[in-house]
Amino acid sequence: MSTQKFAKIVSTGSYVPEKVLTNKDLSKLVDTTDEWITTRTGIKERRIATSEQSTSDLATQAAEKALSSASLDATDLDLIIVATITPNTFTPSTACYVQANLGAKNAVAFDISAACSGFIFAMDMARNFIENGTYDHVLIIGAEKLSTFVNWEDRNTCVLFGDGAGAAVISATNDSSSRILSSHIGSDGTYTDLLKIEGGGSACPITTSNVDDKLNTLSMQGKEIFKLAVHHMKTAANQVIEDANLTPSDIDWVIPHQANLRIIDAISSRLDIDSDKVFVNLDKYGNTSAAAVAIALDEAHRQGIEREQHVVLVAFGAGLTWGAAAIRW
Ligand code: UT7
């Protein structure tokens with residue numbers, strides 16, 4: 001048997017808070033309708049964490065499920081990566097809180113900030129750490145409590161986002177038949193203004209006046225993002241399909257970032273992949289940023305991804321950032 005190490009997704013897990021916020025509920029907060037939100041986005045409802053729950057709590061719940069289905073102990077983990085734009089604190093990292101919650105005392109833990117592409121960035125890093133022989137068991141998590149950073153008076157954004165977390169355990173294997181075949185990540189920092197939480201960092205420290213101006217909340221130029229999202233997700237997905245020596249007809253599941261059903265439909269037609277192979281759950285959760293692909297992967301896995309089926313993950317987010325991965329399950 002080959003001594004080359006490959007990276008295999010051995011388990012997944014996810015967690016969403018219990019509280020459901022429907023489009024009808026939102027129509028009582030801002031000037032919107034269920035009809036507008038449904039036709040423009042495909043979203044019907046989203047989950048909202050309690051005031052006691054932080055991002056690390058959501059992440060920990062998802063991680064515990066992934067660990068238990070991997071039949072691994074937390075102490076087996078070498079590395080924990082949390083992808084989030086809504087960390088518990090600027091420092092320490094949310095991954096350190098998760099490490100403590102899990103008792104993963106042998107792991108290195110850190111966060112990455114790549115917005116909605118974060119889970120795929122984490123997967124790409126996990127793959128590299130495993131293939132180069134550094135680590136054997138990596139826990140990657142996408143987790144967000146976006147409800148804290150949404151401007152609940154802005155109908156352009158507040159209808160879009162939700163809270164949740166998804167996780168995967170990625171382990172080293174010598175068996176090349178079931179593994180991450182290829183991954184690709186990218187960024188374009190010339191578009192930093194399109195989607196941001198402006199206040200709270202070193203460039204714009206929090207003051208009473210910029211909180212009054214809602215600079216501590218998310219702002220977005222949706223139309224511009226829409227076009228770029230379609231272009232970059234299509235290109236990234238094609239890239240990993242080609243790098244894996246596959247063609248679109250080989251793909252059994254596409255698990256895209258869950259931001260807007262119209263974006264998902266545009267990608268599936270441009271990739272020439274049947275829409276019934278494209279996984280959608282944004283009607284239930286809205287856009288959960290780094291958690292979206294992670295939760296969708298877990299739900300698709302439980303719905304029945306079969307061994308040796310080909311899965312493509314693809315995402316796009318603030319930065320701009322984008323990423324994709326091709327997996328033989
Ligand atoms: O996850 C990271 C990446 N993010 C994304 O991928 C988001 C990408 N963008 C989008 O999904 C879409 O651009 C949105 C869903 C955000 C907006 O859809 P749109 O078709 O681009 O609408 P729009 O922003 O052009 O707005 C159209 C109209 C405007 O009214 P006027 O100016 O035509 O009178 C908006 O004021 O819809 C109005 N509008 C709303 N009306 C009812 C905006 N939000 C709402 C709302 N309810 N919630």
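When a ligand or atom number is given, it counts from 1 through the structure's own listing order. Since this is a predicted model, take the numbers as computed values, not measurements.
- Remark: the Arg328 side chain and the Ser178 side chain contain no N/O donor-acceptor pair separated by less than 3.5 Å.
- Thr22 and Glu45 form no side-chain donor-acceptor contact under 3.5 Å, judged by distance and modelled atom types alone.
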Quick one: table the atom pairs, ligand 1 N or O against protein N or O, below 3.5 Å, distance rounded to 0.1 Å.
| residue | atom | partner | partner atom | Å |
| --- | --- | --- | --- | --- |
| ligand 1 | 1 (O) | His257 | NE2 | 3.0 |
| ligand 1 | 1 (O) | Asn287 | ND2 | 2.6 |
| ligand 1 | 9 (N) | Gly222 | O | 3.0 |
| ligand 1 | 11 (O) | Asn260 | ND2 | 2.8 |
| ligand 1 | 13 (O) | Gly222 | O | 3.3 |
| ligand 1 | 18 (O) | Arg262 | NH2 | 3.4 |
| ligand 1 | 20 (O) | Arg40 | NH1 | 2.8 |
| ligand 1 | 20 (O) | Arg262 | NH2 | 3.0 |
| ligand 1 | 21 (O) | Lys223 | NZ | 3.3 |
| ligand 1 | 22 (O) | Arg40 | NH1 | 3.4 |
| ligand 1 | 25 (O) | Lys223 | NZ | 2.8 |
| ligand 1 | 36 (O) | Arg155 | NH2 | 3.0 |
| ligand 1 | 37 (O) | Trp36 | NE1 | 3.2 |
| ligand 1 | 41 (N) | Trp36 | NE1 | 3.3 |
| ligand 1 | 41 (N) | Arg155 | NH1 | 3.4 |
| ligand 1 | 47 (N) | Thr32 | OG1 | 2.7 |
| ligand 1 | 48 (N) | Thr32 | OG1 | 3.1 |
| ligand 1 | 48 (N) | Arg155 | O | 2.9 |

With a cut-off of 3.5 Å and sequence neighbours excluded, list every side-chain donor-acceptor pair involving residues 314-325.
| residue | atom | partner | partner atom | Å |
| --- | --- | --- | --- | --- |
| Thr321 | OG1 | Ala114 | O | 3.0 |
| Thr321 | OG1 | Ser117 | OG | 2.8 |
| Thr321 | OG1 | Ala318 | O | 3.3 |

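- Taking the six-membered ring for Trp and the full ring otherwise, Trp329 and His301 have centroids separated by under 6.0 Å.
- Take Ser71 and apply the side-chain hydrogen bond (donor to acceptor under 3.5 Å, both in side chains) test, not counting sequence neighbours, and it matches no residue.
- Within the structure, no pair that satisfies the ring pair (Phe, Tyr, Trp, His ring centres under 6.0 Å) test touches residues 68-125, not counting sequence neighbours.
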